[in-house]
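Read through the structure below, which is laid out as C-alpha cells, and then see the notes.
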2 protein chains.
Amino acid sequence: MKQEAKTAAGAPATLWDRTRQLASQEILATALRLFTEQGYDETTIAQIAREAGVSQRTLFRYFGTKEDLLGGDQDRFGQVLTDAVGEQPADVGVWEALRAGIAAVQVLHDSREQALERFRLLHNTASLRAGWLEKRLRFQEDLLPLVEARMGTAGGGADPRGRAVLATAFACLDAASMTWVANDGKGDIMDLYDECLAAVRG
Amino acid sequence: MKQEAKTAAGAPATLWDRTRQLASQEILATALRLFTEQGYDETTIAQIAREAGVSQRTLFRYFGTKEDLLGGDQDRFGQVLTDAVGEQPADVGVWEALRAGIAAVQVLHDSREQALERFRLLHNTASLRAGWLEKRLRFQEDLLPLVEARMGTAGGGADPRGRAVLATAFACLDAASMTWVANDGKGDIMDLYDECLAAVRG
DNA sequence: GACAGTCTGGCAGCGACTGCCAACCATGCT
DNA sequence: AGCATGGTTGGCAGTCGCTGCCAGACTGTC
C-alpha cells in the first residue's frame, strides 16, 4: 500500500520492496513499449501482463487502471503543482504563481524524448485525452482555494473569476503542449505557454 | 416487442418510424430518470433496458454509448457552435465571434430545470465529465481554422495563439457553467461568462 | 398470400476491472 | 532450525459496457 519510494540510491530497504519496485518498473516499461509500438487501444492488459511476466491480477494491484500505466505519477504532478504554487510569496500575482507551478511540473519529465512520446500518445488517443483532462480538472479543484486567496475573491462558488483564471492557465498549457507535440518537441513548452498567455491577455 | 395494433389516429410517417421514435423517447426518459434517481455509475444498461421494455441489444442500436443516453444531441451542439461562429461578419473580433457561438448554443437547452439537472450530473460524475471534455476538445479542433483565419495567424500547428484563445474561451465557459451549477441555476450563464472573460483579460 | 427488407432479441464473446481464496514466502520470534 | 505471521501472488469467477452473429418476428409491397 504505502511505500517509501525513497530508494534514490542504495538503502534497498527490504527485499520485498526491491522486488516490488523491480516488477513495477518492468510493467511500466513493457506497457510504454507496447503502447508506442501498436497503440494504446490496441494493447490489452493481458498482453502487457504476459510480456511483463506477471498475472493480470498483480498488474491491477500495482496500477489500478490502464491509464495509470502511461501517466505513471500523475498524482505527483498534482502534488508538485499545488506545492509550488502554495510556496510562492504572498506578494506574487496569481498568474506568476501559476506559472511557477506549471514550470515546476515540467521539471518532472525524465527526458525530452520520453515526454514527447507520452504527449503524442496522449493527444492522439481519445480515451487517454479524456482521462487526462479529467485528472487535470481535479488539480484545478485542489488549486482553487489557493488561487482565490491570492486574488482576494471570496469564492465559495459564487464568484467564477478564480475558476476562470485557473482554467485559462491550464488552457494555455494545453495549447502550448499541443503545439509542442505538433512541432515534434521543438522549442520550450514554457516559452509557448508565455506566448499563449500573451495572446490571450493582450 | 409489443405495439398498439390500432394507432388509428394519424399516420404521418410509416409505422416503423413511429415505433422507433416512441421507443427512443421511452429509453431516453427512462435513462434520465434513473440517472437522476440513483446516479449515473450506479445505473446499469441492463436496468435501463429492462425498465424501458427493450433488450440491451436494441438499446445499443439506438444509442451506441451509455453517455449518449444523457447528452442526446451533443453533435448538434458542435454544429450550431461552428455555424454561429462562421456566420459572424468578417470585421468582428475573435472574442466576440466566439461569444456569439457560445450564446447560440445556450439557446438549445429545453428548459432551465432540465439543463441544470444535466449539468449537475455532468459535473458530479467523473466519467461523464471526462467524456464531455473530450467531445468539447473535438469542437475546438473544428473551430480552430475559423479562429485562426479571424486572427490572421497562419496556424499549421506552429502558432499556438489560436489554440490558446479557443481554449481560453471554453475554459471561461467551463468556469461559468460550474459556477452556475454551484449557485443552483441562479443568474445567466452568459453573464457569468462575460465576468470570467473580464477577469482573465481585464 | 408470398416475398423482400427491417428490426428485434438472445447468445456468445471481448476487454477492463474487482472480489475471493488458496498457495507462497520473506521476516521475526523462539 | 523450526514455526507462526502477515503481506504477496495468481487463478477463478463474476460484473459491466459493448459488439458480432444469427434466427425469428414484423412491416410494407406485389
Side-chain angles (χ1 to χ4, degrees), chain A residues 1-5 7 12-27 30-31 34-35 38-71 125-128 130-132 134, chain B residues 1-8 10-27 30-31 34-35 38-71 125-128 130-132 134:
Chain A
M1 188 101 93
K2 57 111 89 349
Q3 48 187 60
E4 319 296 310
T7 344
T14 89
L15 200 162
W16 265 354
D17 291 348
R18 260 180 298 156
T19 310
R20 266 185 83 84
Q21 194 169 349
L22 249 176
S24 169
Q25 286 177 341
E26 175 68 22
I27 294 172
T30 307
L34 291 176
F35 287 162
Q38 41 180 281
Y40 178 80
D41 288 327
E42 287 71 30
T43 305
T44 70
I45 292 286
Q47 188 183 8
I48 300 173
R50 201 183 321 127
E51 300 206 12
V54 295
S55 69
Q56 292 192 38
R57 198 64 193 79
T58 301
L59 194 153
F60 275 118
R61 261 191 281 258
Y62 277 78
F63 307 90
T65 297
K66 191 181 178 186
E67 282 179 21
D68 292 346
L69 288 170
L70 186 75
T125 311
S127 44
L128 280 176
W132 161 247
E134 216 288 302
Chain B
M1 55 178 199
K2 82 300 181 75
Q3 58 205 351
E4 324 305 289
K6 23 143 70 13
T7 33
T14 88
L15 205 166
W16 269 354
D17 292 348
R18 262 177 296 155
T19 310
R20 266 186 82 85
Q21 192 169 351
L22 250 175
S24 169
Q25 287 177 342
E26 175 68 24
I27 294 173
T30 308
L34 290 176
F35 287 161
Q38 43 181 273
Y40 179 80
D41 288 327
E42 288 70 30
T43 304
T44 70
I45 292 285
Q47 189 184 9
I48 300 173
R50 202 183 322 124
E51 301 206 10
V54 294
S55 70
Q56 292 192 38
R57 198 64 194 78
T58 299
L59 193 154
F60 275 118
R61 264 192 279 258
Y62 278 77
F63 307 90
T65 298
K66 189 181 179 187
E67 281 180 21
D68 292 347
L69 288 170
L70 187 74
T125 310
S127 44
L128 279 177
W132 162 246
E134 216 287 303

Between [N] ([atom2]) and [X] ([atom1]): distance, integer Å:
| X | N | atom1 | atom2 | answer |
| --- | --- | --- | --- | --- |
| A:L69 | C:dG15 | CG | P | 16 Å |
| B:E42 | D:dC16 | CD | C1' | 13 Å |
| B:Y40 | D:dC16 | OH | P | 14 Å |
| A:F63 | C:dA16 | CZ | P | 15 Å |
| A:R50 | C:dG15 | CZ | C1' | 13 Å |
| B:F60 | D:dT19 | CZ | P | 7 Å |
| A:Q47 | C:dC14 | CD | P | 15 Å |
| B:R18 | C:dC7 | CZ | C1' | 16 Å |

A:R61 (side chain) and D:dG7 (base): donor-acceptor pair under 3.5 Å: no
Nucleotide of C:dG9, D:dG10, D:dG17 approaching B:K66 most closely (side-chain heavy atoms): D:dG17
C:dT8 phosphate, OP1 or OP2, under 4.0 Å from B:Y62 side-chain N/O: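 So the side-chain polar atoms of B:Y62 do come within 4.0 Å of the phosphate oxygens OP1 or OP2 of C:dT8, strictly under.
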Any A:R20 side-chain nitrogen or oxygen under 4.0 Å from OP1 or OP2 of D:dT8: yes
Touch class at under 4.0 angstrom, heavy-atom based, for A:S127 against every strand present: nothing
A:R57 or A:T44, whichever maps to the more 5' nucleotide of DNA chain C: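 Whichever sits nearer the 5' end wins; that is A:T44.
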Polar side-chain atom of A:S24 near backbone of A:R20 as donor-acceptor pair, under 3.5 Å: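 Pair absent, no side-chain N/O of A:S24 close to backbone of A:R20.
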Any donor-acceptor N/O pair, B:T65 side chain to B:D68 backbone, under 3.5 Å: no
Side-chain H-bond candidate by donor/acceptor type, B:S127 with B:D41, under 3.5 Å: yes
Heavy-atom side-chain contact between A:F35 and A:K66 under 4.5 Å: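 Yes, at least one pair of side-chain atoms sits under 4.5 Å.
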B:Q21 atom CD, over 12 foreign heavy atoms within 6.0 Å: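 Counting neighbours around CD of B:Q21, 12 or fewer heavy atoms of other residues, nucleotides or ligands fall under 6.0 Å, so no.
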